[in-house]
Amino acid sequence: MVLQWYREKGRHHLPWRQTTDPYRIYLSEVMLQQTPVERVIPYYQRFLDRFPTLEALGEGEEEEVLALWSGLGYYSRARNLHRTARISGGELPRSYRELLQLPGIGRYTASAISSFAYGEARAVVDTNIKRVLKRYWATSDGREIWELAERLLDRENPREHNLALMDLGALICRPKDPLCSLCPLRSRCLGRGDPLAYSSPSGRSYSKVELHLGISLREGSIALVPSQGRLYRGMLLLPSVPGGERAVATIYHTYSRYRVRVLLYPLSSPPADALWVPLSRLGEVPVPSLVRKAVKAYLEGGD
DNA sequence: GATCCGTGGTC
DNA sequence: TGACCAAGGAT
């Protein structure tokens, strides 16, 4: 039985498992999207210290929300989180349908909030559960997974049921080296003979990009410019420069499907719209990791 | 339905 | 180093 396995071996220590507060469940689910659990934990704690309630979040500024998110990536998550806080006026809606209407909340997150916070009988399907179910039924067709999940759902105990399948996927039914011998479902699992055949392909191809960024320092402050395009919207970046021969430092950074080689140059006259941010306050400002890495490399490499 | 959106860790 | 990964959502 999965439930018994979960009660003995599940990840009960995770901070967001200690609560049924919809806001906290919601925050954790958004942070966990495409992001490793261990990485989320400190961000989750810090975020709640500053914004303990959805109401407090709605009263905060997007700039500060993005600053708290800095380093987590996928920053539209933070902007949507903040928008949702403002839209919903201090309290999340109770119904799945209304949750689905909110920015940044899709089928997975709406189901997760409904089941984890409200105890509603909603099946949850994330990549972990999808992999578990695909192997269990030995199907490579991902389209019917939601229906299968609904059929399998324990309607008496949806919260634990969903968490159990999720933990099973993360701890036992792992993408690469599944621990079938420890799996509580092994006797009825149709995919146990060849579990890897039913894993998702997931492959992402990378292309190389080169970036030329300028660094201006004056009296301990650095010049940053607001992001223009869709990427890093609402955040501050190093200004782009034409690029010359004398890069002071070079760093590598991966983002989305790009492997970026970043060349850093001293910049004597930054753009007029630049903001001067004291280096000592770089941690309080909405900048992506790329900027922190670049500044660090520049200061260390450029004497 | 395919593509875009970040990042630090790991092998 | 380079490839690949990890609790999705929006377009």
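Naming convention: chains lettered A, B, ... in sequence-line order (proteins, then strands); numbering from 1 in each chain.
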State whether A:Tyr96 and A:Arg122 meet the cation-pi test: NZ (Lys) or CZ (Arg) under 6.0 Å from the six-membered ring centroid, and within 45° of the perpendicular axis. yes
Which part of the nucleic acid, if any, lies within contact of [X], taking any heavy atom under 4.0 Å across all strands shown: a base, the sugar-phosphate backbone alone, or nothing?
X        : result
A:Leu231 : sugar-phosphate
A:Arg83  : nothing
A:Tyr252 : nothing
A:Leu14  : base
A:Thr109 : sugar-phosphate
A:Ser289 : sugar-phosphate
A:Trp16  : base
A:Arg107 : sugar-phosphate

Contacts of A:Tyr206 and A:Arg230 projected onto DNA chain B by closest heavy atom; the upstream (5') one is A:Arg230
If you assign each of A:Leu102 and A:Val37 to its closest nucleotide in DNA chain C, which residue comes earlier from the 5' end? A:Val37
Judged by each residue's nearest nucleotide on DNA chain C, which is more toward the 5′ side, A:Pro175 or A:Asn80? A:Pro175
Note: A:Glu150-A:Arg155 ion pair, threshold 4.0 Å (strictly below): yes
State whether A:Arg50 and A:Glu64 are salt-bridged, where the test is any N-O pair (Lys NZ or Arg NE/NH1/NH2 against Asp/Glu carboxylate O) under 4.0 Å. yes
Grab the [atom1]-[atom2] distance between [X] and [N] for me, whole Å please.
X        : N     : atom1 : atom2 : result
A:Lys293 : B:dG8 : NZ    : C1'   : 8 Å
A:Lys176 : C:dA3 : NZ    : C1'   : 9 Å
A:Tyr74  : B:dC4 : OH    : P     : 12 Å
A:Asn128 : C:dA6 : CG    : C1'   : 9 Å
A:Arg259 : C:dC4 : CZ    : C1'   : 12 Å
A:Arg261 : C:dT1 : CZ    : P     : 11 Å
A:Tyr258 : B:dC5 : OH    : C1'   : 10 Å
A:Trp69  : B:dC5 : CH2   : P     : 18 Å

I would like to know whether A:Ser76 and A:Arg230 meet side-chain hydrogen bond (donor to acceptor under 3.5 Å, both in side chains); could you show each step before the answer? CA-CA 10 Å; A:Ser76 66; A:Arg230 212 165 70 137; over 6 Å; no
Look at the aromatic rings of A:Tyr6 and A:His12 and report parallel, tilted or perpendicular, splitting at 30° and 60°. perpendicular
Please work out whether the ring planes of A:Tyr232 and A:Tyr75 are parallel, tilted or perpendicular, with thresholds of 30° and 60°. tilted
Examine C:dG8: is either OP1 or OP2 under 4.0 Å from a nitrogen or oxygen in the side chain of A:Gln34? Give yes or no. yes
Could you work out the separation of B:dG8 and C:dG9 based on their P atoms and round it to a whole Å? 23 Å
Please give the distance between the P atoms of B:dC4 and C:dA7 as a whole number of Å. 22 Å
Hey, does the side-chain of A:Arg11 have a donor or acceptor N/O within less than 3.5 Å of a partner on the base of C:dA7? yes
Please confirm whether any donor atom in the side chain of A:Tyr255 sits under 3.5 Å from an acceptor in the base of B:dG6, or the reverse. no
